[in-house]
Amino acid sequence: MSHYVDFNHALVDYILKAYDYIIAGAGAAGLSLAYRLASSSLKDSSVLLLDRDAKDSNDRTWCFWAAESGPFEHIVFKKWPALKFSEERGSYGGSLGSLEYKMIRGQDFYREVRQKLKAFTNFEFRQERIQGIEDTASGAVVRTDQEAYFAPVVFNSCLFPESVEKAVPPHFLWQHFAGWRIQTEEPMFKTDEGLLMDFRTPQYGSARFFYVLPLSEREALVEYTIFSSEKLQPGYYQQALATYLQQQWQLRPEAYRIAEHEAGAIPMTDQRMPARYGRHTINIGTMAGAVKPTTGYAFKNIQRQADQLIQQMEQGLPLNAQLKAPQRFRFYDRLLLNILQHFGEEGKTVFCRLFRYNRMSAILSFLEERTHLLQEVRIFATLPIITFLRAVGRVYLMPVVRKLWPESRASDWMPPRKAPLPLKENQKLL
Ligand SMILES: Cc1cc2nc3c(=O)[nH]c(=O)nc-3n(C[C@H](O)[C@H](O)[C@H](O)COP(=O)(O)OP(=O)(O)OC[C@H]3O[C@@H](n4cnc5c(N)ncnc54)[C@H](O)[C@@H]3O)c2cc1C
């Protein structure tokens, strides 16, 4: 919880260990910011990085698309110049033009940042669990399970702002997934093409698909992803993965070895995240709304946030990590979230039509919010328009109807959130 504590600054400095900056949460956002700080004119500042984890395992892989090289280009593990989309009616996609789909492994990213910061004695990393961040007159105190630290400016990527926890988000879903890095005996995969989405699987009331990213002819990352309000039991994903590999890739369990497991969940919500956690605490990363609500991609936005903050710090401007994007993208996100949350099965129709009738590079620009209105009109013309108009009705008209006629049965139009299918023994998944 963030609340105001009127400490005497000199006393705070005397009692607590003080730094110029504290980075609370050393994940993608915290480390990206620290990496930039060490290359900026502020590189001599004293910086404390706090995280409950050691950040030395491959806890996730980040994929994103870009035409240009970013600061972490040298640790990109694999790139694909082409992407494919599959459904029962066929496969679409192909070359990304000037774009490339890139993958960075968590362990490489953590190692790279750590390696760079090693040269700076003024950057300190402590593995401690943060319990709270409290405002003072001149900065903020970060309390951990071991100590308390002070800095005039704190960057938070680990504590959820209390105001957001209390607010009921208009839409909230999880993009939850589990996957395997598999190795096959026979060459199976085209190394220059990733399978971004494979919808050849039953939907059971919520949009779900597989993706396959080949690392070599005999190795690939295969993931099962679902958009729904609740996560599933671990065994469900494993069973789905095995069934998919057998049915769509003719890979029986004895034909591959599982070299690595990955699992995770990314929030998909139109809940607006506040720019600050407290008066002197700036939110960054997921806590500052870096995650695109309808795709779960955040890595590139996190890099843009870090660049923006360093610029503001160097120029002495007020600090704000939030990125500006045209409001109409929030409108599109809200409609799709509404469809996915209340009529999950229709998500498949939306994605299939999107990829069937549009170029892959145009879709990626749209998902990255880099298209113009006319391009967006062209894309929407290929989508099931009635599905979207119904969502407009549910999101924007129904609240008005309910307000004007509270006794009306308007809420009957909105079915309850569907629970995902529980795992049953021998359940047929494909
Ligand atoms: C498994 C997974 C795969 C993803 N893949 C992609 C992808 O391919 N492409 C993409 O663009 N996005 C992806 N994302 C989304 C997004 O890029 C990541 O979630 C990204 O790591 C978010 O960065 P962050 O700094 O906001 O959060 P994190 O990276 O999660 O960092 C937050 C840090 O805070 C620490 N922390 C939390 N609570 C405390 C506490 N009380 N005390 C101390 N430390 C604490 C955590 O240990 C963590 O290190 C993925 C997310 C997940 C979960």
Side-chain angles (χ1 to χ4, degrees), residues 1 22-35 48-66 70 72 76-78 80 83 101-107 109-110 113-114 125-133 142-149 154-161 174-181 194 196-197 211 213 221 223-225 231 237 260-269 273 277 282-306 309 321-323 364 367-368:
M1 189 184 77
I22 295 176
I23 296 180
L31 292 177
S32 297
L33 183 63
Y35 194 81
L48 172 64
L49 290 121
L50 289 167
D51 203 289
R52 63 184 174 197
D53 292 339
K55 304 313 287 182
D56 54 5
S57 70
N58 199 30
D59 60 358
R60 64 196 62 181
T61 44
W62 289 289
C63 287
F64 55 95
W65 54 92
F72 297 107
V76 168
F77 182 65
K78 177 89 181 118
W80 296 271
L83 285 176
Y101 196 67
K102 306 182 187 193
M103 177 195 275
I104 292 181
R105 296 189 307 177
Q107 66 189 43
F109 175 81
Y110 302 138
V113 178
R114 200 169 284 256
F125 179 85
R126 284 177 179 240
Q127 190 180 344
E128 294 174 21
R129 180 174 292 273
I130 296 166
Q131 289 171 332
I133 305 176
V142 181
R143 294 191 187 284
T144 73
D145 50 357
Q146 293 175 36
E147 253 190 84
Y149 308 95
V154 174
F155 296 100
N156 166 51
S157 62
C158 66
L159 297 188
F160 218 69
W174 287 107
Q175 178 182 144
H176 48 109
F177 47 88
W180 297 335
R181 181 161 62 82
L196 188 66
M197 286 177 146
Y211 71 82
L213 296 175
L221 184 67
E223 301 256 357
Y224 181 46
T225 302
K231 301 171 200 168
Y237 306 91
E260 207 169 44
H261 288 256
E262 190 191 68
I266 306 174
M268 299 172 78
T269 178
M273 301 298 284
Y277 183 84
I282 316 299
N283 286 332
I284 57 173
T286 308
M287 298 307 167
V291 181
K292 165 91 173 158
T294 46
T295 64
Y297 285 99
F299 190 76
K300 259 186 90 177
N301 282 346
I302 286 171
Q303 303 314 314
R304 289 172 56 209
Q305 284 189 345
L309 278 174
Q322 291 186 326
L323 301 168
L364 295 184
L367 297 180
E368 217 182 355

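Whatever order the structure lists them in is the order used to number ligands and atoms, beginning at 1. Position 1 is the first residue of the sequence, and the numbers go up from there.
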Visitor: If you measure every N or O of Thr61 against every N or O of ligand 1, does any of those distances drop under 3.5 Å?
Guide: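 N/O-N/O distance below 3.5 Å exists for this pair.
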Visitor: May I ask you to list the atoms of ligand 1 that are less than 4.0 angstrom from any heavy atom of Arg129?
Guide: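 Selected atoms, number and element: 42 (N).
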Visitor: Below a 4.0 angstrom heavy-atom separation, can you tell me which part of Thr286, side chain or backbone, both or neither, approaches ligand 1?
Guide: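 Near ligand 1, Thr286 shows its backbone as well as its side chain.
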Visitor: Less than 3.5 Å between some nitrogen or oxygen of Ala298 and one of ligand 1, yes or no?
Guide: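 Ala298 vs ligand 1: N/O contact under 3.5 Å present.
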Visitor: Hey, is ligand 1 close enough to Glu262 that some N/O pair sits below 3.5 Å?
Guide: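 Such a contact does not occur with ligand 1.
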Visitor: Going by atom types alone, do Tyr149 and Arg143 pair a side-chain donor with an acceptor below 3.5 Å?
Guide: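 Per modelled atom types, Tyr149 and Arg143 side chains form no pair under 3.5 Å.
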Visitor: Which ligand 1 atoms does Lys55 reach within 4.0 Å, using its non-hydrogen atoms?
Guide: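 Near Lys55, the atoms of ligand 1 are 48 (C), 49 (O).
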Visitor: For atom 13 (C) of ligand 1, what's the nearest protein heavy-atom neighbour? Residue, atom name and distance, please.
Guide: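 For this ligand atom, the closest protein heavy atom is Trp62 CD1, 3.7 Å.
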Visitor: Examine distances only and state if a side-chain atom of Gln127 and a backbone atom of Arg52 form a donor-acceptor pair shorter than 3.5 Å.
Guide: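 Looks like yes, one N/O pair under 3.5 Å.
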Visitor: What about the rings of Tyr297 and Trp62, do their centers lie closer together than 6.0 Å?
Guide: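 No; Trp62 has its ring centre 6.0 Å or more from that of Tyr297.
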Visitor: Taking Gln305 for its side chain and Gly285 for its backbone only, find out whether a donor-acceptor pair lies under 3.5 Å.
Guide: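 Answer holds: yes.
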Visitor: Where the closest heavy atom to atom 32 (C) of ligand 1 is concerned, which of Gly25, Ala288, Ser157 has it?
Guide: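 The residue whose heavy atom sits nearest atom 32 (C) of ligand 1 is Ser157.
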Visitor: For Tyr297, is at least one N or O under 3.5 Å away from an N or O on ligand 1?
Guide: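 No; every N/O pair is 3.5 Å or more apart.
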Visitor: Just distances here: any N/O of Ala265 and N/O of ligand 1 closer than 3.5 Å?
Guide: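 No, there is no polar N/O contact under 3.5 Å.
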Visitor: Against heavy atoms of Gly27, which atoms of ligand 1 measure under 4.0 Å?
Guide: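 Answer for ligand 1: 25 (O), 29 (O), 31 (O), 33 (C), 49 (O).
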Visitor: Are Tyr224 and Phe177, when compared by the centres of their aromatic rings, separated by less than 6.0 Å?
Guide: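 No, they do not, as the ring centres are separated by 6.0 Å or more.
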Visitor: Looking only at heavy atoms, is any part of Phe64 under 4.0 Å from ligand 1, and if so is it the side chain, the backbone, or both, or is it neither?
Guide: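 Neither part.
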Visitor: Do any nitrogen or oxygen atoms of Phe299 come within less than 3.5 Å of a nitrogen or oxygen of ligand 1?
Guide: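 Yes, Phe299 has an N/O under 3.5 Å of an N/O on ligand 1.
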